[in-house]
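Just below is one structure, and these are the notes that go with it.
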Amino acid sequence: MTDLNAAPEPAHPTAGTRQVPDRVSLDGVEERWNAAWTAQDLYGFDRTKTREQVYSIDTPPPTVSGSLHVGHVFSYTHTDVVARYRRMQGAEVFYPMGWDDNGLPTERRVQNYFGVRCDPSLPYEPDFTPPFEGGDNKSSKAGDQVPISRRNFVELCERLTVDDERQFETLWRRLGLSVDWSKTYQTISGDARAVAQQAFLRNLARGEAYQAEAPGLWDVTFQTAVAQAELEARDYPGAYHRVAFHGVGGTKVYIETTRPELLPACVALIAHPDDERYQHLFGTTVTSPLFGVEVPVLAHPGAERDKGAGIAMCCTFGDLTDVQWWRELQLPTRSVIGRNGRLLSETPDWLSTDAGQALYGELAGKTTFSARELVVAGLRESGDLDGEPVKTQRKANFYEKGDKPLEIVTSRQWYIRNGGRDAALRDELLARGAELDFHPEFMAVRYENWVGGLNGDWLISRQRFFGVPFPVWYPLDADGEPDHENPIVASEDQLPIDPSSDVPVGYTADQRGVPGGFVADPDIMDTWATSSLTPQIAGGWRSDPDLFERVFPMNLRPQGQDIIRTWLFSTVVRSHQEHGCLPWSDAAISGWILDPDRKKMSKSKGNVVTPMDLLVEHGSDAVRYWAASARLGTDAAFEVGQMKIGRRLAIKVLNASKFALSFGTVELDPALVTVPLDRAMLAGLADVVDRATASLEAYDHTRALELSETFFWTFCDDYLELVKDRAYGEGAGADSARAALGIALDTLLRLFAPVLPFATEEVWSWWREGSVHRAAWPVAEPLRAAAADASPTVVSAAGAALAALRKVKSEAKVSMRTEILAVTLDVPAALRGDVELALDDVRSAGRATGTLDLATSDGESVVARDASLGEPVTRG
RNA sequence: GGGCCUGUAGCUCAGCUGGUCAGAGCGCCGCGCUUACACCGCGGAGGUCGCCGGUUCGAAACCGGCCGGGCCCACCA
């Protein structure tokens, strides 16, 4: 026989060597085929292939301590469809899976689960046993937690996340992700830590990483600095307080503030340089109420005349505008808010009046909330509060995981240059973004907007304990003060290191913390500082350069649109700096899953279906179908009812296949296809193959699926019915039908394989060798050759004629088996030729055993009239 | 305030660069156990394509405005 597809696979002998089951079913296909695929290592990566032969995917590592939801299933299915398609196109697909166990969610979970907390100053205890296991989110308070070393903490994390990872892997396998499960990584693993540290050291050596002491956004709950990308503006209730400052000669200058507790931190009053109302005050000083501190009245264009009183109290620091004024007007620093969000306990020395010092004594150690009440009470008493506070709803910056507004605290932090302070670098990164193919394209705008709007470099240090530590120490001078300007860096071959327990070369352990000795950098890297290196971690940049060369730069980054500003951008930054190229050529952005109320699905709403239940109840192919039906970048509403569509399709694939394979040996020889209807069907299929392929090349899996599916339903409902009797018969007509059925089935299974991996593999196993998932993607040319010059419209015309006959019976409320003794079909002129070509098949499918007259009509559809019906008949 | 996406049958969505586009599936109604399939098949009823203007011979599709939904950024006096 002629092999239908010019495939790299060996020409398979005529099939039929296996059994088509008497009853087909989807039951158990997931278990059966997953076991088979694992046993065959079907998705194993062949690392002998070169970069040109490889299609590599930078899979998003799910946060293991997070919960699974249908959104995961949704977006990971999109990626798997791409992976399976590329594999069938002959690419060697590099499709690893990572687990993100870095960051606060894991840190909190380990704390609560084991009742411990990380204290990097402690030594490692090899035989440590946690106080308990299995605590829930509320069971352990900070005070009850046993402090342990970072290394012990990481070990507990690894222990805990093993379960999470197993759960994810089970789900992913059930879903049918064609991941190479030997290629998994964890972001807290030694190799990942080493990659993160090595990349950082190189950034440092090239001057891309630097430290600075500066005011920055600070979360008082987690007591850590926060990066711009982690901000979230939320509504926050506040109140305007109209407060009097005292000018010369007892005049009062009113400002409005929502943060009266910052009054002791006031360093100036500021108005717009052109504001007539305040011209006379510029250059003079005023005295703050209650605290009696003399501050200048200054002009700055950043002041807005129509905001509040038009003149603002500048404090160090109430907001980012304060920071700007402080920097540009070179104002003194008078901080009163501590890292815990409470007012500093020591009375500041700039408070010189007795009353001011006494009042501050009461404020010391208070939360901003309590301090505000005290200050307002004082202002009211002194008569410096004009009227009552006016409630307002304002936006405040929050850490995305925090629940208190961010404060601004001065601290020493590590930064990586990302173009936020450097136009040349920003332009380079914008150019990288333009080079990247976003799917859908409009997502590129989000990248441009974000990069264009950066207002500072990337803050990568966090004052947390669990994570990748900075691989640096600082020499201590004779007074025991660290020399931050001259860090001692680890060498690359030492990595990974933990500076809190490892000792820098040239020092001994007992020199830690003593004058003349050294001290570890206490901070850890932000989780994105590690995640931004997933291509390097998964690809073996540090540990396996040979592999890295074969997979990097990668082909695809799949991810959600919400983390374009974080994960996508930071990965581009790192790759640009380290490798001078994009980390991947394409980015596929999946949408959100919304619940039926059009809200983003969240577990708190209690309406979340667990993904595993969904897979078990409806079958993986059905859920995959649902996911694949949503275009990239488009949000999709979750509706359980939609699951049955894919299930119906998968079952239909089984049943139609059973029929197509029910005639004994399946001959795939195109030369046997001689009947016009059969050729027409193949002509239509050829078009579908071309269009579906083009769609997949353009990352439009939805269109590809829709094309195949539409063809397939017509194939089942019309074509199969039309050829059924002929196929059951004998002779050239039967041979033609059977060969066409076999060829179509062969093609359709391949077309559906990326979306319905289980059903297609099940059918494939009935009659073919090997796996459909390693079979070649279909090509149109052989189909078109077999179709000769047949027009696809013969199938639709014959289908329309058949439908007209069916309608007669439906309206007569009789069985479809009912014989038609006589009927006239009014056929539009344009269809007449096509109908005539398939008339015998129409006749037999419609049981039109008697006279069937064709009349040319000028209508648009085929209509049956003057029918006389007989009795139900049985075929065969 | 700026930007991106979005508003088509009860529901979920297709409608590609303006001219069989008014569609599919689910749901609903009616009929039918038909040797692939009752986890089914066949037939049918459902929409002034958010609203108002404009461009055009012609708009669901293009332009402008408005209204509604989602997301991102900016806005803390």
Side-chain angles (χ1 to χ4, degrees), chain A residues 20 23-27 231 233 236 238 240-243 255-259 269-271 302-304 307-315 318-322 392 394-397 405-406 440 442-446 448-450 452-453 455 561-562 564-565 591-592 594 596 598-600 619 622 626 629-631 633-639 641-645 647-662 695 700 702-703 706 709-710 713 716-717 720-721 724 728 802-803 805-818 847 860 872-876:
Chain A
V20 179
R23 283 202 73 78
V24 301
S25 166
L26 289 175
D27 294 345
L231 298 186
Y236 191 69
Y240 290 119
H241 301 74
R242 192 170 156 84
V243 174
I255 59 102
E256 286 188 21
T257 179
T258 55
R259 304 212 46 192
L269 297 192
I270 294 175
E304 295 178 33
K307 241 181 196 177
I311 185 163
M313 160 173 95
C314 175
C315 306
D319 61 32
L320 292 172
T321 313
D322 287 340
T392 173
R394 63 203 184 107
K395 291 280 188 189
N397 278 323
L406 296 172
F442 67 75
M443 289 294 176
V445 177
R446 299 192 179 207
E448 291 160 21
N449 287 349
W450 176 256
N455 57 29
Q561 75 265 52
D562 54 327
I564 289 175
R565 63 177 183 165
W592 291 113
L594 308 175
R598 298 261 110 200
K599 294 275 163 4
K600 189 176 152 189
W626 164 73
S629 298
R631 289 170 302 166
T634 303
D635 295 344
F638 179 77
E639 219 226 322
Q642 301 294 316
M643 301 303 148
K644 69 166 56 171
I645 304 170
R647 182 165 181 87
R648 218 161 74 92
L649 177 63
I651 292 173
K652 199 73 174 177
V653 167
L654 299 185
N655 280 312
S657 301
K658 180 185 163 194
F659 171 74
L661 299 174
S662 63
S695 299
D700 187 353
T702 303
R703 172 58 66 90
E706 188 197 320
E709 190 195 4
T710 302
W713 280 109
C716 289
D717 293 342
L720 288 188
E721 292 302 326
K724 193 175 276 182
Y728 277 126
L802 177 57
L805 297 180
R806 283 168 174 160
K807 189 166 178 173
V808 168
K809 301 179 193 180
S810 204
E811 285 175 348
K813 299 189 193 302
V814 297
S815 159
M816 288 298 143
R817 286 161 50 214
T818 303
R847 258 63 158 215
E860 296 200 342
V873 293
T874 316
R875 276 190 281 219

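We name chains A, B, ... by the order of the sequence lines, and we start the count at 1 in each one. Every heavy atom of this structure was used, including side-chain atoms; hydrogens, water molecules and symmetry mates were not.
Closest to the side chain of Lys813(A), out of C31(B), U34(B), G41(B), is C31(B). Set against G41(B), C76(B), C39(B), the side chain of Thr258(A) has C76(B) as its closest nucleotide. Nearest to the side chain of Arg806(A), among C11(B), C26(B), C42(B), sits C42(B). Closest contact between the side chain of Ile651(A) and the listed nucleotides C11(B), C39(B), G41(B) involves C39(B). For Met816(A), whose side chain is taken as the heavy atoms from C-beta onward, the closest listed nucleotide among U12(B), U34(B), C40(B) is U34(B). Set against C37(B), C39(B), G43(B), the side chain of Glu721(A) has C37(B) as its closest nucleotide. Among the nucleotides C5(B), G43(B), C40(B), the one closest to any side-chain atom of Lys807(A) is G43(B). The side chain of Val445(A) has C4(B) as its nearest neighbour among C4(B), C16(B), G41(B). Listed nucleotides C13(B), A77(B), C37(B) differ in distance to Ala312(A); the shortest reach to its side chain belongs to A77(B).
Note: CD (Gln642(A)) to P (C11(B)) measures 12 Å, nearest angstrom. When rounded to the nearest whole Å, the span between CD of Glu256(A) and C1' of A77(B) equals 8 Å. Following rounding to the nearest Å, Lys652(A) (NZ) and A24(B) (P) show an atom-to-atom distance of 17 Å. Rounded to an integer number of Å, the gap from NZ of Lys724(A) to P of G41(B) is 11 Å. In this structure, CG of Asp717(A) is placed 13 Å from C1' of G25(B), rounded to the nearest angstrom.
Contact annotation: Tyr236(A) does not reach the phosphate of C76(B) (side-chain N/O to OP1 or OP2, under 4.0 Å). The phosphate of C5(B) has neither OP1 nor OP2 within less than 4.0 Å of any side-chain N or O from Arg631(A). Here Lys644(A) reaches the OP1 or OP2 of G27(B): one of its side-chain N or O atoms lies under 4.0 Å away.
Partners of Arg259(A) according to the salt bridge (Lys or Arg N to Asp or Glu O under 4.0 Å) rule, which considers only residues two or more places apart in sequence or in another chain, are Glu261(A), Glu407(A). Legend: residues meeting side chain to side chain donor-acceptor pair (under 3.5 Å) with Asp27(A), ordered by chain and number and at least two apart, are Ser25(A). Residues meeting the ring pair (Phe, Tyr, Trp, His ring centres under 6.0 Å) test with Phe442(A), sequence neighbours left out: none. For Arg703(A), the side chain to side chain donor-acceptor pair (under 3.5 Å) criterion is met by no residue, not counting sequence neighbours. Evaluation of the side chain to side chain donor-acceptor pair (under 3.5 Å) rule for Gln642(A) yields Glu639(A) as partners, not counting sequence neighbours.
Counting only Watson-Crick or G-U wobble pairs whose defining distances are both under 3.5 Å, the stems of 3 or more consecutive pairs in RNA chain B are B:1-7 with B:67-73, B:10-13 with B:23-26, B:28-32 with B:40-44, B:50-54 with B:62-66.
Among the protein residues, Glu706(A) comes within range of the sugar-phosphate backbone only, with heavy atoms under 4.0 Å from sugar or phosphate atoms but none that close to a base. Across all strands shown, Ala803(A) has heavy atoms under 4.0 Å from sugar-phosphate atoms exclusively, and none from any base. Counting non-hydrogen atoms under 4.0 angstrom, Leu720(A) reaches a base of the nucleic acid.
Distance check: Thr321(A) OG1 to Glu304(A) CD gives 8.0 Å after rounding to the nearest 0.5 Å.
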